[in-house]
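Scope of the values below: all heavy atoms of this structure, side chains included, with no hydrogens, waters or symmetry mates. Just so it is clear: chains get the letters A, B, ... in the order the sequence lines come, proteins before strands, and each one is counted from 1. Everything numeric in this text was worked out from a predicted model, so none of it was measured.
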Amino acid sequence: MAEACVISNSQKLEDGLAVSIGGEIDLIRSPQLRTELAEILDTGLERLVIDLTAVPFMDSSGVATLIEALQTQRRTDRKLILCGLQSKVKSIFEISRLDMVFTITEDLNTALEI
Amino acid sequence: MDVQPDLDMRILSKPHCISAVKSAIEAMALAMGMKENDGADTALAVHEALANVIKHGYGNKPDQPIQIRVSYQTYQGRKAIQVVIEDESNQINLNEIKSRSLEEVRPGGLGVHIIQRIMDQVEYSHRGTGSGLRLTISKFIDPHPPRE
């Protein structure tokens with residue numbers, strides 16, 4: 001059975017793409033997210049915005065997936081921006097001090113202005 | 001002497017079972033008087049501990065037993081929620097369980113760090129049965145110690 005997509009929506013930007021992720025990102029769904037992000041990043045986007053507004057929970061496997069995506073972008077001097085973090089998602093980034101590593105904005109509109 | 005747990009759960013090492021335990025821990029923490037954010041963090045720590053058992057202890061085999069016992073305890077003279085997680089994985093050297101340096105930005109190794117950052121007590125031990133690991137974690141219910 002094919003896994004349901006984790007990325008629920010995408011919006012083209014002048015220099016890249018804004019995607020929305022939905023649902024809990026944990027051990028079960030992180031591999032699917034990794035696959036979907038790898039396909040997107042393979043296209044060489046100057047800027048990728050990931051909207052997490054509809055993600056109520058993320059565990060360390062989800063965070064690890066986003067670290068991989070960030071590293072892929074930074075290797076080629078490209079940008080990855082996270083936005084719309086709910087409190088539980090914000091908390092795991094703060095606990096692991098990755099809120100200092102990622103570019104994180106309050107919402108999608110702010111992310112699009114960067 | 002072992003204290004009778006308030007909640008005693010046995011699950012199989014399947015990722016979807018973790019979500020059920022996470023919800024139960026969060027509800028239990030709130031019922032014990034923990035603040036909402038601390039309850040959510042405690043549930044995250046238990047989630048990470050169970051994920052580590054599944055990934056590293058059992059190598060993602062989905063039919064292995066995990067026991068989770070939750071109790072209301074006094075730890076260092078303060079009220080705390082205590083969670084004991086036991087598995088039957090091959091015994092490992094306890095010194096191999098390490099939190100990674102946060103200076104390294106890389107995927108992997110975050111789970112142990114998250115558990116240590118959230119919980120006030122983290123103790124790994126071997127079970128006395130020849131196999132398996134026991135993780136005992138506690139978090140104070142009142143975040144501030146009583147004044148002297």
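With hydrophobic clusters built from ILVMFWY side chains whose heavy atoms lie under 4.5 angstrom apart, A/V19 shares a cluster with A/L52. B/I137 and B/M32 fall within the same hydrophobic cluster, where Ile, Leu, Val, Met, Phe, Trp and Tyr residues are linked whenever their side-chain heavy atoms come under 4.5 Å apart, directly or through other members. In the hydrophobic clustering of ILVMFWY residues, with side-chain heavy atoms under 4.5 Å counting as a link, A/V49 and A/L80 come out apart. Hydrophobic clustering, with ILVMFWY side chains joined whenever heavy atoms are under 4.5 angstrom apart, keeps A/I21 apart from A/I81. Follow the hydrophobic side-chain contacts under 4.5 Å out from B/V84 and you never reach B/Y75; the two are in separate clusters.
Under the 4.5 Å side-chain criterion, counting only non-hydrogen atoms from C-beta, B/L44 is not in contact with A/K88. Side-chain contact check for B/H47 versus A/D26: some heavy-atom pair is nearer than 4.5 Å. Side-chain atoms of A/I92 and B/L110, non-hydrogen and from C-beta on, never get closer than 4.5 Å to each other.
Side chain of B/E48 to backbone of A/S60: a donor-acceptor contact under 3.5 angstrom is found.
Within a 6.0 Å radius of CZ in B/R127, more than 12 heavy atoms belonging to other residues, nucleotides or ligands are found. For CG of A/D77, the number of neighbouring non-hydrogen atoms (other residues, nucleotides, ligands) closer than 6.0 Å is 12 at most.
Contact of A/M58 with chain B is made through the backbone alone, with heavy-atom distances under 4.5 Å. When heavy atoms are compared at a cutoff of 4.5 Å, B/K55 approaches chain A solely by way of its side chain, counted from C-beta outward. Residue contact with chain A, scored on non-hydrogen atoms closer than 4.5 Å, is absent for B/E36.
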- Item | Full working for salt bridge (Lys or Arg N to Asp or Glu O under 4.0 Å) between A/E24 and B/K22 | CA-CA 12 Å; A/E24 298 202 345; B/K22 174 164 65 75; 3.7 Å; yes
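Within the model, atoms CD1 of A/I95 and CG of B/D41 stand 4.0 Å from one another, a figure rounded to the nearest 0.5 Å. Taken from NE2 in B/H16 to CG in A/L27, the straight-line distance is 12.5 Å, to the nearest 0.5 Å.
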